[in-house]
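Here is the structure we will look at.
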Protein chains: 2
Amino acid sequence: MEDLIKILQSKNIHPSHQRIKILEILENNEDHMNVNMIYEELLKEIPTISKTTVYNTLSTFAEKGLVHCLTITPEEMRYDYRAKPHHHLLCTQCGRIIDVDVQCPYADVMEIDGHRIEEIQGYFKGTCRECLSHDKAQIIK
Amino acid sequence: MEDLIKILQSKNIHPSHQRIKILEILENNEDHMNVNMIYEELLKEIPTISKTTVYNTLSTFAEKGLVHCLTITPEEMRYDYRAKPHHHLLCTQCGRIIDVDVQCPYADVMEIDGHRIEEIQGYFKGTCRECLSHDKAQIIK
DNA sequence: TATTAATTTATAATTATTATAACTATGGAA
DNA sequence: TTCCATAGTTATAATAATTATAAATTAATA
């Protein structure tokens, strides 16, 4: 709790009750939640929470660099709360978004072809390890 | 025209008038159009075209591998019509999506951490060359 | 305390996309 | 040719994520 407040303050975000709770959810839950997932979690603790607040807060968090916005699913924005930059795999079978810790040769590149690079996102699409092994089990059956 | 029909047929897509025209637009216009851009272009030639047809056609094209779907802009899907795989830069200043032909070390990787990889998309965000030089010109003024 | 600013909420508006069903064109089979 | 099945197109409505707006609440400050 104290930690969460400190994190917010270190990013110049005023630690309101709602913002603390949202940060807590990001810390405790699996990564890559969308607004609705966060909203549903929040309802358990703040039944009066408004979805607009979730949107506002996440956009503040993104501006201040506390979360990263992922557009890997076409439907809606996903939010990534993890310090170290990494890439992502979308499993087209189960829909999960999985961290992929491949080393990226452009991770520290500031410039390509004269363009200034501020962010890199690598999106892989395919079938995750778990789905593959289920598939194999199916075939054997 | 004949060529367009052959392209569609080679992908097992029945070459209807609308589909030929949509493919023509993809060939002649700058890459990375969204549905609306394609729809507006189409209206000039087929005033009765329906936006649903554009959606249907593009999703068919994507299924058959004739276009690639980009989610680099959070608002809407962009369609990439180009043979060679490549990555993209979104300029946060002018909004353009620019092809980035960096060589990707994972281009031919079929598997990472046990996951099967079928597609890779690299999204860079930053400021494009042109915007940077405009900025510089501004400062000098 | 009074006042101002920041934050949250409720609500409506916007917009991309999908679903549905009717309509049209096409290509055989009778 | 006529009938029928199918694919393709269109018009329309529905869905859902996001943003805009304004009112209400909370916190901060003089």
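Each chain gets a letter, A, B and so on, in the order the sequences are listed, and its residues count up from 1.
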Short side-chain donor-acceptor distance under 3.5 Å, A:Glu76 and A:Thr73: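 Present: a donor and an acceptor within the cut-off.
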Can you confirm whether the side chains of B:His87 and B:Asp99 place a donor and an acceptor under 3.5 Å from each other?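 No, B:Asp99 and B:His87 have no side-chain donor paired with an acceptor closer than 3.5 Å.
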Within this structure, what is the [atom1]-to-[atom2] distance between [X] and [N], rounded to whole angstrom?
X       : N      : atom1 : atom2 : result
A:Tyr55 : D:dA20 : OH    : C1'   : 13 Å
B:Ile46 : C:dT24 : CD1   : P     : 17 Å
A:Asn34 : D:dT18 : CG    : C1'   : 13 Å
B:Met77 : C:dA16 : CE    : P     : 13 Å
B:Tyr39 : D:dT9  : OH    : P     : 15 Å

Which comes earlier along DNA chain D counting from the 5' end, the contact point of B:His17 or that of B:Pro74, where each point is its nearest nucleotide?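 Counting from the 5' end, the first nearest nucleotide belongs to B:His17.
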Would you say [N] has OP1 or OP2 under 4.0 Å from some side-chain N or O of [X]?
X       : N      : result
B:His14 : C:dT26 : no
A:Arg19 : C:dT8  : yes
B:Ser16 : D:dG8  : no
B:Gln18 : D:dT10 : yes

Go through the steps for B:Glu45 and B:Lys21 under the test salt bridge (Lys or Arg N to Asp or Glu O under 4.0 Å), then give the verdict. CA-CA 8 Å; B:Glu45 304 203 48; B:Lys21 284 298 170 191; 3.1 Å; yes
Among the candidates C:dT17, D:dT18, D:dT10, find the nucleotide nearest to the side-chain atoms of B:Ile49.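 Of the candidates, D:dT10 comes closest.
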Of the nucleotides C:dT9, C:dT17, D:dA17, which one has an atom closest to the side chain of A:Glu76?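 The closest nucleotide is D:dA17.
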B:Ile72 CD1 to B:Tyr123 OH distance, which is reported to the nearest 0.5 Å: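 Answer for the CD1-OH pair, B:Ile72 versus B:Tyr123, is 6.0 Å.
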Relative to the 5' end of DNA chain C, which residue comes earlier, A:Ser50 or B:Arg78, by the nucleotide with the nearest heavy atom?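 So the residue in question is A:Ser50.
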